[in-house]
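Comments concern the structure below.
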There are 2 protein chains.
Amino acid sequence: MKLLSKNSLPPNLRDRTFIKQLVTGQRLFQQGDSAKYFFIVQTGRFKLIRYFDTSNVINLEFAKTGDSLGDRSIFTDVYDSSAIALVDSTVIVYPKQLLLSSLLEDPDLAGDLIAILVKKMQSLQVNLELRNIRLAHQRLLQYLRYLATADNDRVINLDRPYKEIALELGFTPETLSRALLRLEQEGKIDRQQNKIILHNSSVA
Amino acid sequence: MKLLSKNSLPPNLRDRTFIKQLVTGQRLFQQGDSAKYFFIVQTGRFKLIRYFDTSNVINLEFAKTGDSLGDRSIFTDVYDSSAIALVDSTVIVYPKQLLLSSLLEDPDLAGDLIAILVKKMQSLQVNLELRNIRLAHQRLLQYLRYLATADNDRVINLDRPYKEIALELGFTPETLSRALLRLEQEGKIDRQQNKIILHNSSVA
DNA sequence: CGCATAGTTGACTACGCTCAACCCTGGTGG
DNA sequence: CCACCAGGGTTGAGCGTAGTCAACTATGCG
């Protein structure tokens, strides 16, 4: 992945690409801003939110290491959402227009970007599939299975608050809490602090 | 968009790209098949479904004119779902490997593909946003607004059965029917056969 | 030590699902 | 030309589950 490492970029693009560090709560970009940059998360994580009228905010998605930010604005001139660092984070900042013109000259870069977009599409697709599962404990279990197969491990490390997971799954924290309890009581999982062990019987 | 017209493709790719016609109910590809092709819908529409165990089927998405099919399998060797024509349809069939190597030689094609993927991402994103709206009539209204702004028209032509729309929105047909009734009674919309008129007051 | 926040648990509410019946339309065949 | 049938769409009644609001605990941070 040439795209993911600043040093392997073609010189003219590399010279104008830089790393940005953000602290918890800091905005990377703001809805309505001129969309001059494209980003990839190096460390940490972000949430994307959208404002409708004032005081009407919705959560769009979460981005973690390796995910792109600002991808929906590749061909539009303003950001359609705001990105906020949930923890101290670093991102690679690409000047969008220069990146796009570099893609035309360096096909490998284009291939890298396509791969990143496809990966993101798949992730959105998984989320959408999960939403089609109505019962909270079943949706949660399926989510845990995805995490387990992705990590190839039955021990799942949840490195972020349940609150956030609840939002991503479309639940309230209360419902997530009860769903976890239920899976535990049914013997499908074990919980110890922020680790979850998926039992053999419930993997298939 | 060079990619969308067979005739503007580079010769070696064009020679192996073809149009395929399908009748209602016909399968374009099957989950598990070797993913040798990438498709773009020219006319008609498709549904993508996934089988878990036998007799456990879920609906993934619907694709209409201009949408890509098989995009999730660009970098994998088998299709992760089956595509079925919902009406008589035609698709452009690209040999996947040749398309990928052509992208590296013709940057315009790569740009076109990126645009298609971004558009699809946005569409998935919209669906996901809609799922975050809990009340059926509100989710439906928001959906109608998207359609209206996309078509830039307050008269929405629903060219497909309500049943299908219900699935896409994550409702049962009964719930969709009641939600339509409610919006009508609240004066937000008018219905006449398969057209829906979005009232001015409810656009913003 | 005090405060803010995450997480948990309980009681109640409300909305969408399920199942059933019915209407309506289009298509088919006698 | 009508009788029949299949499927989409609508409406009704009852149920179940997630949301809401509230109280409480635990944890981390100043």
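Every chain is numbered from 1, with letters handed out A, B, ... down the list of sequences. Worth knowing before you read on, the calculation uses all heavy atoms, side chains too, and leaves out hydrogens, waters and symmetry mates.
- Both tests do not hold together for B:R27 against B:F46: distance to the six-membered ring centre under 6.0 Å, angle to the ring axis within 45°.
- Rounding to whole angstrom units, CG of residue B:L86 and P of D:dG8 are separated by 12 Å.
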From CA spacing to verdict: side chain to side chain contact (heavy atoms under 4.5 Å, CB included), A:V41, A:K64: CA-CA 6 Å; A:V41 180; A:K64 56 180 199 311; 5.8 Å; no

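- A cation-pi arrangement is absent between B:R50 and B:Y79, since the terminal nitrogen or guanidinium carbon is not both under 6.0 Å from the aromatic centre and inside a 45° cone about the axis.
- Residue B:N194 contributes atom CG, which lies 12 Å from atom P of D:dT10 at whole-angstrom precision.
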B/S/- along nucleotides 6-21 of chain C (protein heavy atoms under 4.0 Å) is SSSBBB----SSBBB-

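- Taking the six-membered ring where the residue is Trp, B:F29 and B:F39 present parallel rings, their angle staying beneath 30° rather than reaching 60°.
- A donor atom on one side chain and an acceptor atom on the other are not found under 3.5 Å apart for B:T43 and B:S89.
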Across nucleotides 23-30 of chain D, 5' to 3', mark each nucleotide with B, S or - according to how protein heavy atoms within less than 4.0 Å reach it. --------

Candidate pair B:L48 and B:F62, rule side chain to side chain contact (heavy atoms under 4.5 Å, CB included), full reasoning: CA-CA 6 Å; B:L48 269 81; B:F62 296 94; over 6 Å; no

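- Proximity of B:L98 to B:S101: side-chain heavy atoms (C-beta onward) are separated by under 4.5 Å at one or more points.
- Side-chain contact annotation: B:S8 with B:R14, donor-acceptor N/O pair under 3.5 Å absent.
- Nucleotide D:dA18 holds its P atom 17 Å from the CG atom of A:L167, rounded to whole Å.
- Computed from coordinates, the B:L158 CG to D:dG8 C1' distance equals 14 Å when rounded to whole Å.
- A:R131 has its CZ atom 13 Å from the P atom of D:dA18, to the nearest Å.
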